[in-house]
Participant: 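The following block contains the structure, expressed as structure tokens.
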Number of protein chains: 4
Amino acid sequence: MFTQTDDLVLLVTSGGKRYLLRLQPGRQFHSHLGSIKHNDLLHLPYGTTVHSQLGHPLLLLEPSLADRITRIKRNTQIIYPKDAAMLVQRLSLRAGSRVIEAGTGSGGLTIALAWSVAPTGRVFTYEVRADHFQVARNNLEKMGLLPYVEMHLESILNGFRQTDADALALDVRTPWIFLEHAHAALRPGGFFVALVPTTNQVSELLSELEKSSFADIEVEEILLRKYKPVPNRLRPDDSMVGHTGFLISARPIIDATEPGRWLSEERKRYEARQKLEKRIAEEEAHRADSGRKYPKLP
Amino acid sequence: MFTQTDDLVLLVTSGGKRYLLRLQPGRQFHSHLGSIKHNDLLHLPYGTTVHSQLGHPLLLLEPSLADRITRIKRNTQIIYPKDAAMLVQRLSLRAGSRVIEAGTGSGGLTIALAWSVAPTGRVFTYEVRADHFQVARNNLEKMGLLPYVEMHLESILNGFRQTDADALALDVRTPWIFLEHAHAALRPGGFFVALVPTTNQVSELLSELEKSSFADIEVEEILLRKYKPVPNRLRPDDSMVGHTGFLISARPIIDATEPGRWLSEERKRYEARQKLEKRIAEEEAHRADSGRKYPKLP
Amino acid sequence: MFTQTDDLVLLVTSGGKRYLLRLQPGRQFHSHLGSIKHNDLLHLPYGTTVHSQLGHPLLLLEPSLADRITRIKRNTQIIYPKDAAMLVQRLSLRAGSRVIEAGTGSGGLTIALAWSVAPTGRVFTYEVRADHFQVARNNLEKMGLLPYVEMHLESILNGFRQTDADALALDVRTPWIFLEHAHAALRPGGFFVALVPTTNQVSELLSELEKSSFADIEVEEILLRKYKPVPNRLRPDDSMVGHTGFLISARPIIDATEPGRWLSEERKRYEARQKLEKRIAEEEAHRADSGRKYPKLP
Amino acid sequence: MFTQTDDLVLLVTSGGKRYLLRLQPGRQFHSHLGSIKHNDLLHLPYGTTVHSQLGHPLLLLEPSLADRITRIKRNTQIIYPKDAAMLVQRLSLRAGSRVIEAGTGSGGLTIALAWSVAPTGRVFTYEVRADHFQVARNNLEKMGLLPYVEMHLESILNGFRQTDADALALDVRTPWIFLEHAHAALRPGGFFVALVPTTNQVSELLSELEKSSFADIEVEEILLRKYKPVPNRLRPDDSMVGHTGFLISARPIIDATEPGRWLSEERKRYEARQKLEKRIAEEEAHRADSGRKYPKLP
């Protein structure tokens, strides 16, 4: 595979710095290690070592999906590749899937979604802030993924324009207020995931999910532990990303007549324990009032 | 979306048990909660609650990708969805990718790979044991993914039959002895990942990768922390999967004339420190011999 | 050091099972590997291998502190050694410290506390349930630590009987309702720690701590990752304890006239951000009403 | 409790900065928030808010043990409080214990050990580098813990000067070459812990421990996850310490006639599996040579 005009390529320095660029005849790449002409990068096999005019070596690579997600211009929180990878799996995306996303942010997650559903699927993404919308649009265009994305510059307070979507990802501050809209936009049995940073948001979302027509609810967190790649001194990195967010996934179901039926076992046990404790407390209060001795309660 | 004949569906009990089945008119599903006819599951929207003949509710869902990876018959180690998700991302797979895998094992990872590259891509998978090969074949057929997989019942000791592959995943005990073959099968700049359970294997693999034409080496581990989905008592699960394996990723490059140039910064620092320490030790030995007082070394 | 009558000793089987016993002439130890007379365990150096009458080897050891904490009779949640270790450090305990604990539970944490402050310090522990109280008392007696503990079978709803304590540990369900009592029992600048399992409890406790006279508030969690001790196949255990509890530590201070002064930087930043967002929302609403075009807000 | 001359005190700024100082009449404390006279800090209750001459508030606290461990002058790797806490517990230290340590480094761990065994116990610590020795000595003196420590400026290559020690901590680069010396210095059944940063060191140490007279071998790692103490936005810190070191603990035993008897179950299973695999490989080779068909091996 040889590089060609318009290819998105990665240049890696011997110090590990990574630069993403789109090859254009006549252009030039500049860095602290010197410059190099795009023309000198064209028609080369990937994996070639090239040199800046100052003689510094640069490794020419095809950018990975993680490079594409993270090496974008952005004015919002980053989406971490580890979370994007898990989210794509939780949404069971594949070529042809129709997936909705809100908010677009800088488009990092949109890139991962579009990558997974292209070329026959579509991402429908919503963003309310015009500045974010424009940044995301540019990023998607740069990555060559815009053809697979339908962008909406509008609030989702009034719902989504799509129905029967296969999957839906909410990366907003208050996902719990959009559950009815999400349910309406998804096909029955589709895939729903929300991403929030705090435990309070998880609690609020869980609380609303339980009242809505969703089942198979799961909360999880992905931790990535990197190691220093030194064969004789193998050890985890000294510092790591400690937290990015919680992933809450669920499945929209056909309205259940018996609410609470599809709650998790944990959840039901908690409910049962609550009821038992309430009964014990009442019994204890009653006995205390009566002033009589009594045997230990379970 | 309505269920139809030959669909792979999931039945979830109110206790959270999950059953995977392929709908066939005339067949019957049996569990400890009673049985239900496949006919009664046909032409229903997903997300519907059905009932066994004993009156127990069952939730009818389309299986997620994670359900498909884990709910297979197997006589080997399982691949965890968290690792499969990260591996697919590290390999930058998408519709159309050509990816090689060895060994096939029970086919769990093969399912994840085929899911990601279908319908226009291909998985080429190698397995040396006939019993595993057959189990994996049945699993892939059951999941409807066999059309996207080319299975080889043979050792990779003599190399792979493919060239110019986009990506290659090694899930074998001694990945380091196959690096030349992997390099030959991958297109320059392709994506390589190995998965091993022990730190000793990581060290051996890193050591060989450094001697081969690979760059951009990374070692990482994915930890999944699940939470009990109880809004008023949110907390991580009491027990978690403590370890599955280490992911080592790298990129095959065009032969470098200067070995070690593309080692990680960490790795180079270690080398430099080793040299410095050796020099200091020699100097200290020399000074000790000379019997003179001396100022502190750095 | 030789074993003697009344010593608490540990017998370890070649399969790794651990048994705690107090040596008494004339008694006998029984297990599935056969029995052994206490007399045959007396006056031996620790680290000796003895044999059951069936010929099975048993390793005679002095129990570690972790053995003492965990090998007790109990009808409550266990305290994990990892948490006990961190708690003891967070409370800055040492010989001579006076530390208060509530509730006693089965006495596992009490053992760790008494171990740290003996022989010149004291643990004052409160338990409201008579059955737990008795179990804990027996455990402390068995461990030989009862002389260093003052046990109270009573509720702490009306406060603690001690004042000027060096440290205080709350292992109760609703620690936030006891903060005034805790403040009254501790010497100014003493050490306070609470241990709770859920994030909701952490939030409630933090909320109350901020309104009370406490400063230097920290929330943390200890994760213990064990490895299989196999030199050629080193790897973390397949499963691990995923969660035990959150440790919240704080210092009681002399009443501050300016509430919020000693909140953490994080906390203050959050407050500031909240205020800014409120102002922006108001401004946006105002502008929306006015119907005019406006430049982007920060 | 009121501050007095010679007390070690902590000043905390409203921004969370922490300063450790020893109160001396006539001295002055300086920081970017202004200065304050030690005289103005004397005879105050801990937990008092004082003000710099520029009007900035400072919280006067007794330093915690963690403050004492980390707020020292140092020219070596830091010991983290989390590791010190677990190490002290693994060594089962208490007032009166006699514990050996090598190397002293900057004395951080020595402080934790001395704190735990004072006033009746002793720490015997060895350091080969004169510069580290002096730094550690000053730190211990500043912390008021020097009376409980016996410092040796010498190598441990020829062994330790003590025998019958209760516990021994090795914080050196090659702990495996000192196992015989450690065994000789410890009382039978005493407590041994080593702390190393890399997996290669763990493997080497395990390998030597298995050949020496040690049993009850465990490898573990402590991870500390801090949370932002914000009640309405509770979440783990964005970044965390990813790795400090591995703790390997073991117990010296009376020479066993049957080596390998006290290896862990994991270790024995590994050995057994190795043997089985070797037998299967031989059988497979034999069958392959014979050219006959054969049934599947287990």
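Both backbone and side-chain heavy atoms feed into the values below; hydrogens, waters and symmetry mates do not. Proteins come first, then strands; the chains are lettered A, B, ... in the order of their sequence lines, and each starts at number 1.
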Participant: So for A:R251, is it side chain, backbone, both, or neither that comes closer than 4.5 Å to the heavy atoms of chain B?
Facilitator: side chain
Participant: In terms of heavy-atom proximity below 4.5 Å to chain A, should B:I248 be classed as side chain, backbone, both, or neither?
Facilitator: neither
Participant: Is A:S116 close to chain B through its backbone or its side chain, or both, or neither, when contacts mean heavy atoms under 4.5 Å?
Facilitator: neither
Participant: Tell me which of these, B:L65, B:T48, B:L59, B:V12, has more heavy-atom pairs under 4.5 Å with chain A than the rest.
Facilitator: B:L59
Participant: Select one option (side chain, backbone, both, neither) describing which atoms of B:R273 are under 4.5 Å from chain A's heavy atoms.
Facilitator: side chain
Participant: Should B:L206 and A:V230 count as side-chain neighbours, where that means a heavy-atom distance under 4.5 Å?
Facilitator: no
Participant: Between A:L186 and chain B, which part of the residue has a heavy atom less than 4.5 Å away: side chain, backbone, both or neither?
Facilitator: neither
Participant: Would you say that more than 12 heavy atoms from the other residues, nucleotides or ligands in this model lie under 6.0 Å from the OH of A:Y46, or not?
Facilitator: yes
Participant: Between atom CZ of A:R233 and atom CD of B:Q274, what is the distance when rounded to the nearest 0.5 Å?
Facilitator: 7.5 Å
Participant: Between B:D216 and chain A, which part of the residue has a heavy atom less than 4.5 Å away: side chain, backbone, both or neither?
Facilitator: side chain
Participant: Supply the atom-to-atom distance A:N232 CG to B:S207 OG, rounded to the nearest 0.5 angstrom.
Facilitator: 6.5 Å
Participant: Report which part of A:I69 has an atom under 4.5 Å of a heavy atom belonging to chain B: side chain, backbone, both, or neither.
Facilitator: side chain
Participant: So for B:P63, is it side chain, backbone, both, or neither that comes closer than 4.5 Å to the heavy atoms of chain A?
Facilitator: backbone
Participant: Quick one: what part of B:A112 sits under 4.5 Å from any heavy atom of chain A, side chain, backbone, both or neither?
Facilitator: neither
Participant: Closer than 4.0 angstrom, basic N to acidic O: yes or no for A:E62 and B:R187?
Facilitator: yes
Participant: Name the member of B:S264, B:G16, B:G15 that forms the most heavy-atom pairs with chain A at distances under 4.5 Å.
Facilitator: B:G15
Participant: Let me know if B:L234 has heavy atoms under 4.5 Å from chain A in its side chain, its backbone, both or neither.
Facilitator: side chain
Participant: Return the option, out of B:P236, B:G189, B:P231, with the maximum number of heavy-atom pairs under 4.5 Å with chain A.
Facilitator: B:P231
Participant: Decide, yes or no, whether a salt bridge links A:E218 with B:K226 under the criterion of side-chain N to carboxylate O below 4.0 Å.
Facilitator: yes
Participant: Can you tell me which of A:P188, A:P229, A:S64, A:G96 forms the most heavy-atom pairs within a distance under 4.5 Å of chain B?
Facilitator: A:P229
Participant: Test B:I222 against A:L224 for side-chain contact (heavy atoms from CB on, under 4.5 Å), laying out the working first.
Facilitator: CA-CA 5 Å; B:I222 298 287; A:L224 176 69; 3.5 Å; yes
Participant: Just so I understand: if I count every heavy-atom pair under 4.5 Å between each of B:F191, B:Y270, B:W115 and chain A, which residue has the most?
Facilitator: B:W115
Participant: Quick one: of B:M86, B:Q89, B:R18, who has the most non-hydrogen atom pairs under 4.5 Å with chain A?
Facilitator: B:Q89
Participant: Can you tell me which of B:K268, B:R68, B:E204 forms the most heavy-atom pairs within a distance under 4.5 Å of chain A?
Facilitator: B:K268
Participant: For B:E221 and A:Y227, does a side-chain donor sit closer than 3.5 Å to a side-chain acceptor?
Facilitator: yes
Participant: So for A:T13, is it side chain, backbone, both, or neither that comes closer than 4.5 Å to the heavy atoms of chain B?
Facilitator: backbone
Participant: Between NZ of A:K228 and CZ of B:R269, what distance do you get to the nearest 0.5 Å?
Facilitator: 7.0 Å
Participant: With rounding to the nearest 0.5 angstrom, report the CZ to CG distance, A:R94 to B:L93.
Facilitator: 15.0 Å
Participant: Look up atom CD1 in A:I254 and atom OG1 in B:T49, then write down how far apart they are to the nearest 0.5 Å.
Facilitator: 9.0 Å
Participant: Which bit of B:L209 comes within less than 4.5 Å of chain A, counting heavy atoms only: side chain, backbone, both or neither?
Facilitator: neither
